[in-house]
Amino acid sequence: MLKKLAKFFLKPQRKFTYYLPWLTTERVRCSLLLNNIESRFLTKTSLYPLDLRVTQYNESGKVIKIYQELLTSPTDAKELLLSSENQGKIRCGLVTIQGKRGWSSGIYLTLSDGENCSITHGRHEAIDHFPSWAGALIRVVSTCVGPFVKRLAAFGKDQFVYLHQKFSSHLLFMNLSTATNLLFFTLRKETKRITSRRLALPGMGSQVIHLRHFFSSAPGNLSGIFQLEIRATSRFNYYVIGAGPEEFSGSLSIQHVK
Amino acid sequence: MSSNLCALLSATFYEEGYSHYVEIVHQRDFGKRKRLAKLDFLFYAPDGKEIGRRSIDPDHDVVDLRALVHSVANFRERIMVLMEVRYDANIFPYRPHHYAFFHREGSRVAPVYYAFNAALGGVPERIGAVAINHFSVFLFPNHAHEMNFSVIIGNPSRFATVKVNLLSHYEGGVLRVGSCRLPPKGHVEVPLMMNLNLQRICRVEMKGVGKPIGFVVGRKKNGGEILHFDHFFSYLKVQ
């Protein structure tokens with residue numbers, strides 16, 4: 001009901017888009033493997049040469065680079081190293097990929113530190129584009145009455161997270177809307193509520209949630225398997241980032257979720 | 001329990017030395033509305049011999065796979081783990097997903113989070129394709145050469161032996177074809193040559209009648225820890 005009302009008044013335009021996250025650290029580089037291997041198994045042959053436009057957004061949702069790559073055949077694959085001004089920090093964001101109608105293959109994402117690499121793929125899902133007035137209205141409402149709108153949060157996911165001394169899973173959140181997205185987190189262990197927090201992601205913005213730091217106010221030592229309830233005011237998704245004992249200073253793994 | 005339940009068979013592989021946790025319902029809600037009706041774990045040796053089985057209460061959130069394996073057998077080789085579930089389609093309109101998380105004990109490398117491979121049942125049009133025109137493909141980026149890659153293949157079939165062809169494509173159009181024959185519930189790890197005649201591997205394709213289970217596995221060159229463990233992309237050839 002709330003979703004329908006919000007859709008009626010705010011008039012978002014839903015555009016299905018292929019997207020992936022990107023993530024770099026002092027040690028880890030990120031690249032995409034652009035391809036259209038699926039067309040090898042289809043009868044459409046008029047797609048080539050296939051021009052792919054890759055748009056890279058930063059944490060605050062600003063476009064930092066646009067790449068144009070050309071695929072010449074169904075078996076052609078181009079590797080694209082994504083840029084980041086690292087300066088020793090963890091940097092992340094969202095990448096969208098657009099191609100001709102009919103392009104539909106899974107694009108791979110690689111995190112590599114020169115010795116270890118982790119490979120996953122992107123997702124083809126809706127991104128909500130709000131008119132500028134609606135985006136401004138949402139931003140104002142989020143700032144003024146944000147803490148009270150959890151009950152209005154119409155989007156939700158639940159994720160198990162693993163926090164041990166020698167390894168842990170963290171989350172890279174992406175706002176799949178052009179308006180500010182308020183995310184509400186509740187951390188539970190078995191049936192017990194441990195703590196909760198909230199986060200405002202700017203339109204098309206992203207953030208890596210280092211769970212141990214994010215929930216640093218939680219009582220006791222955060223260790224074990226937890227259930228994270230995530231509720232949001234707009235569309236969102238996340239990838240799971242695996243980290244070893246060196247956390248974000250070491251090698252990382254990445255995995256999409258359904 | 002409803003008398004009109006759907007079935008799904010999913011698979012993964014277990015190796016000794018890893019902490020391995022299985023989320024029996026991915027995106028499980030706190031109120032446990034997303035609940036399976038029945039859940040069984042079945043364990044098989046590489047030659048297809050059953051090692052053991054365990055029924056698990058579907059109210060569990062995360063199962064410690066290592067503890068479960070140790071409770072049925074003291075087995076040191078790779079084990080194929082089949083997860084047989086019954087579920088209500090009103091609760092899971094598409095199908096349930098099972099994710100898992102593992103980490104090699106004492107290792108400094110990152111743990112791996114991955115999805116179980118849905119093998120039979122669930123969504124009839126997409127899982128359990130029986131035609132030969134079902135292709136499983138995995139592309140290798142340049143960074144893949146930092147590791148040793150292999151493909152672990154399992155045959156979830158109850159009665160049929162399956163022949164699986166593995167086609168490795170290299171730069172310059174070089175092709176290397178390998179094949180293996182797996183008895184029912186048998187499984188094997190096939191190492192991939194990352195370079196052939198100085199040409200690097202670009203992609204691997206797995207073809208077989210029925211629905212062999214395939215995971216692409218990337219191991220650290222020094223130590224053999226698993227750093228990558230993921231499914232193929234499956235495509236259906238349109239005639």
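Convention: sequence-line order gives letters A, B, ...; per-chain numbering from 1. The basis for the numbers below is simple: all heavy atoms, side chains too, and nothing from hydrogens, waters or symmetry mates.
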Heavy-atom contact with chain A under 4.5 Å, split by part of [X]:
X	answer
B:Phe138	both
B:Phe149	side chain
B:Glu171	neither
B:His231	side chain
B:Tyr113	both
B:His143	both
B:Asp29	both

Options B:Ala115, B:Ala110, B:Ala144, B:Ser19, ranked by heavy-atom pairs under 4.5 Å with chain A, top entry: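 Heavy-atom pair counts peak at B:Ala110.
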For chain A, the option from B:Glu225, B:His97, B:Lys34 that forms the most heavy-atom pairs under 4.5 Å: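 Option with the greatest count: B:His97.
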Ring-ring centroid check B:Phe101 A:Phe167, cutoff 6.0 Å: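 So the answer is yes for these two rings.
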Centroid-centroid under 6.0 Å between B:Phe233 and A:Tyr108 rings: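 Close enough - the centres of the two rings lie under 6.0 Å apart.
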Top of A:Glu229, A:Lys166, A:Arg188 for chain B proximity - count of heavy-atom pairs under 4.5 angstrom: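 The answer is A:Arg188.
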Quick one: does any side-chain atom of [X] pair with a main-chain N or O of [Y] as donor and acceptor, under 3.5 Å?
X	Y	answer
A:Gln227	B:Arg28	yes
A:Ser251	B:Val109	no
A:Glu79	B:Asn142	yes

Nearest heavy-atom neighbours spanning A:Lys258 and B:Gln27: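 Result for this residue pair: O-NE2, 3.5 Å.
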